[in-house]
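Contents: one structure, followed by commentary.
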Amino acid sequence: MDEKYHPEKIEAKWQRHWEEKKLFQAKEDPTKEKYYLLEMYPYPSGAIHMGHMRNYSIGDVVARYKMMRGYNVLHPMGWDAFGMPAENAAIESGVHPAKWTYENIDTMRRQLKRMGFSYDWEREVATCDVEYYKWEQWFFLKMCERGLAYKKRSLVNWCPSCQTVLANEQVEGGLCWRCESEVTEKELDQWFLKITDYAEDLLEYCDKLPGWPERVLRMQRNWIGKSEGAEIRFPLENSKEAIPVFTTRQDTVFGATFMSLAPEHPLTLELSKGTSQEGEVREFVERVKRQSIIGRTGEDTEKEGVFVGANCLNPMTGARMPIFAANFVLMEYGTGAVMAVPTHDQRDFEFAKRYGLPLIVVIQPPDSPLSEETMTEAYVDEGTLVNSGQFNGVDSVAAREAIVKYLEENGLGGREVNYRIQDWGISRQRYWGAPIPIIYCDRCGIQPVPEEDLPVVLPHDVEFTGKGGSPLAECRDFVETQCPKCGGDARRETDTMDTFVESSWYFDRFASPRYNGGPLDKEKVDYWMPVDQYIGGIEHAILHLLYSRFFARVLKEFGLVRDKEPFTRLLTQGMVIKDGAKMSKSRGNVVDPEYLVSKYGADTARIFCLFASPPEKDLEWSDQGVEGSFRFLNRVWRLVYENHHWIKETKPNSGATPIDHDLRVLRQKVHKTIKKVGEDIERFHFNTAISAIMELVNALYQFKPTENGDPAERLVFGEAIEAVTLLLSPFVPHIAEELWEALGKGESIIKTPWPDYDREAIVEEKVLVVIQVNGKVRDRVTVPFSMEEEEIKGVALEREKIRRLLHDKAVQRIIVVPKKLINIVCA
RNA sequence: GCCGGAGUGGUGAAAUUGGUAGACGCACGGGACUCAAAAUCCCGCGGGGCUUAAACCCCGUGUCGGUUCGAAUCCGACCUCCGGCACCA
């Protein structure tokens, strides 16, 4: 052991050792309890950043701790390797996306290895490998068979900058999740996955995931957006047809005085055809369609519309209702048609006021009655029904139920549930992704690629112009093919799949990453899945984490996996902040982990991330904090260096000698620390676990051993040093291994069981009792642990200071919290 | 607008969930070692009052109330910041 701590020497040494001994290779072993720990895999952008560093440091503590606890741990790592930055690099600098991606992977793998993370690299997966994405194509075919994947022409979100379609989940506040451009609408033929079939189940199971943060579950519930209400059919005037609407306020149906249609609603143009309104309607629809999502749905966009030239009838009253096209009605939600009740819906109120449409109050509030003439805004709360025929006098909540029944009985509609969530659009008009395995034949229509023809390999030689349109469409060798049904000339689908499809099942693939008999080796997946602990950023709360839950359900139906919830526990870690903002290249406030490792070593970088704040909170970067962490490791190093010679020689059983008070206190501190660190790791309080170890180290510095080495002292002190080393090892594994070796231990520290604390040793002999008078701390007294309540009261009342405080007061009661506190209440 | 979360020293944070507020670290101040510096080690460090000093007292967890013997923690109202959803019928 060197006198000085040189991280660069020891870190490389132990990384080599772990790799040579294959210490992190996971093997299925039914006799051992498995623990599947997973951190969200990175996109190979070129370099590991602080966010990764933090995420993976957190994960590594848990992995190593569980290994020492005797679990059979699976801790894999891979690459979310398809995606646009690779393609953009190709457009900008001419490097092929594959070359760019694989080189980045090499760099980042090297960086991760330099951090000493306990990954099973044998299981590494890159999603751009054909061996990976061919199974994704296989899933797609199976989903087509079951109608879970389908193609439809629809309005989709289009990012003009990325030149591709985005899923609803990828539009954040009207902006592209990746480049923050304003998203527009476009009508395109697209492939969708039927996540809506699972909306109810996904929602229901939000209540059955106790290991997930409430915040994430709430976001998912919100996103699924379940509304219960009714469908009501409004007959068209002079026609047999009717317009169905969805409403959650069927109790207000008697107050519906007009109808609003989405501009994209097929009836909008159809009804206006041949009327004097036709031109105006057409113009309006065209104008609305051209708007961006923000322009269309922003909160300050004014409500406007146009009469389509036709009317429908209120099914309850028979009253004639003019039909409008209105910009605020969305085609994607409900039926794209809304019954307008201006008195009890604010949007309808504003619209009615603008176009001079009639108001009928049908809900009266309990206090001050409403009148159509004086209302200045809609009344949207509950009340009693009026102007509602047979339902007059009924409470609005009860009326919702009664009216649903009436609708059903009279064939006018019925109960209906609606979800905000839409099917997942997965077509991307980009090159660097998994090709959608579909062939178009002019004679036979849409033909799935036969399973035996998989994979549909992404061609290598294509041109990257950045001009828009998928490069695959320009690649004749790829596009031109034969129809699997008739054998005639046919064309391949040139869109690729959303990269979130890859990440929806990579955790399953880690269980059998090289399996070739199918996507998953059932036996192995059943052994490892579900993921016991998943760790990653909150930004995936509704993207990846919802898609993965959907995929798990589908895979379960295919009989490929056993569980429909893939992640038992989830930890969402906070961002890394510097100078008040998230670290990012554009802000210029990044700290490169590579630099940190070069200057201080991986262990310092790791322990800083873990110590500075609890994992779920944002981490404020501090250069001095890093220095402090490095200082602490040096302190530990010196402590062991100065003592390792004699500790190595101390035989475990050499001293049955009785130990004195100071030693007993030290030993108690050791075992209390063992207890606390274990408990803190279990509940992910790494910062307090580390501070507890620091306290122990401080106590060992305070403890001055006698000159010629009392055997009992050597025993206790030696035990303490070993405990410090063991407890530190999940956090700072390299230095721990080196110190462990210096202490004369043969086996790698990762193979050493986590220490148990001695229950006897932590028993308190004396306990500090706080004495309060009327809730204010006035004195403290140390009493024997076993002292009875009554006796403690006596001791407290006898205290000089307490007597002085109480001399002219009458004691009313005394509250005793055993071993902790006594509160004397007096007048 | 709706739904969450969070506000604690100069600073990052503790307080295992109603029982000593500020552990541990950083910064800062003082001391030891040194010719000197760095490194290291030791001591101090919420604010105020009183004091040579100690002892002691008061205030203090965003603000104002409440519950309780006792509140950073529970309840109500408000303020500020952050996040999610949002013309969803």
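Since we're looking at a predicted model, the values are computed, not measured.
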Using a 4.0 Å heavy-atom cut-off across all strands, classify [X] as base, sugar-phosphate, or nothing.
X	value
A/Val817	base
A/Arg780	base
A/Val245	nothing
A/Leu768	base
A/Glu679	base
A/Val825	sugar-phosphate
A/Asn698	sugar-phosphate
A/Gln624	sugar-phosphate
A/Gly628	sugar-phosphate

Please state the [atom1] separation for the pair [N] and [M] - nearest whole angstrom.
N	M	atom1	value
B/C45	B/A23	P	10 Å
B/U61	B/G46	C1'	11 Å
B/G29	B/G66	C1'	43 Å
B/G10	B/G18	P	28 Å
B/A13	B/C24	C1'	9 Å
B/C74	B/U67	C1'	8 Å
B/U17	B/U11	C1'	26 Å
B/A14	B/A71	P	23 Å

Can a side chain N or O of [X] be found less than 4.0 Å away from OP1 or OP2 on [N]?
X	N	value
A/Gln702	B/C42	yes
A/Arg221	B/C85	no
A/Lys676	B/A15	no

Expressed as a whole number of angstroms, how long is the span from [X]:[atom1] to [N]:[atom2]?
X	N	atom1	atom2	value
A/Asp623	B/U11	CG	C1'	14 Å
A/Glu616	B/A13	CD	C1'	12 Å
A/Ile690	B/G25	CD1	C1'	11 Å
A/Gln812	B/U68	CD	P	14 Å
A/Lys672	B/U16	NZ	P	15 Å
A/Asp618	B/G7	CG	P	13 Å
A/Phe328	B/A86	CZ	P	18 Å
A/Phe686	B/G12	CZ	C1'	18 Å

Determine the minimum heavy-atom distance between [X] and [Y], stating which atoms define it.
X	Y	value
A/Phe630	A/Pro7	CE1-CG, 4.3 Å
A/Trp754	A/Pro730	CZ3-CG, 3.6 Å
A/Asn687	A/Pro614	ND2-CD, 3.6 Å
A/Lys578	A/Asn589	O-ND2, 3.1 Å
A/Thr248	A/Glu228	CG2-O, 3.5 Å

Legend entry - Test: A/Lys793 and A/Glu790 ion pair at under 4.0 Å: yes
Inset, instruction - Considering only NZ, NE, NH1 and NH2 on the basic side and carboxylate oxygens on the acidic side, decide whether A/Lys819 and A/Glu764 come within less than 4.0 Å. - result: no
As a test of reading the structure: which of [options] is closest to the side chain of [X], going by heavy atoms?
X	options	answer
A/Arg778	B/C57, B/U20, B/C87	B/C57
A/Ser227	B/A89, B/C69, B/A15	B/A89
A/Arg631	B/C24, B/A27, B/U20	B/A27
A/Ile815	B/A21, B/C24, B/C69	B/C69
A/Met694	B/C87, B/C24, B/C85	B/C24
A/Arg420	B/G19, B/C88, B/G12	B/C88
A/Lys617	B/G84, B/A13, B/U16	B/A13
A/Lys820	B/G12, B/G19, B/C43	B/G19
A/Arg683	B/A23, B/A15, B/A13	B/A15
A/Asn687	B/C3, B/A14, B/G12	B/A14

Inset, instruction - Assert yes or no for the condition that the ring centre distance of A/Phe258 to A/Phe351 is strictly below 6.0 Å. - result: yes
Legend entry - A/Phe684/A/Phe686 aromatic ring centres below 6.0 Å: yes
Inset, instruction - Starting from the 5' end of RNA chain B, give me the residue, A/Met219 or A/His685, whose nearest nucleotide shows up first. - result: A/His685
Legend entry - Residue mapping more 5' on RNA chain B - nearest nucleotide basis, A/Arg215 or A/Phe246: A/Arg215
Inset, instruction - For B/G4, decide between syn and anti, treating a glycosidic angle within 90° of 0 as syn. - result: anti
Inset, instruction - Taking syn as within 90° of 0 and anti otherwise, name the glycosidic form of B/U17. - result: syn
Inset, instruction - Under 3.5 Å for both distances, Watson-Crick or G-U wobble, that's the pair rule; now give the dot-bracket for RNA chain B, with | marking pairs to another strand and [ ] for crossing ones. - result: (((((((..(((......[....))).(((((.......))))).((((......))))..(((((..]....))))))))))))....
Inset, instruction - Quick one: which residue pairs count as a salt bridge (charged side-chain N to carboxylate O under 4.0 Å, His left out) with a foot in residues 212-225 of chain A, not counting sequence neighbours? - result: A/Asp207-A/Arg221, A/Glu214-A/Arg218, A/Glu214-A/Arg221
Legend entry - side-chain hydrogen bond (donor to acceptor under 3.5 Å, both in side chains) between A/Thr196 and A/Asp423, worked out: CA-CA 6 Å; A/Thr196 52; A/Asp423 278 337; 2.6 Å; yes
Legend entry - Base of B/C85 paired with side chain of A/Asn222 (donor-acceptor, under 3.5 Å): no
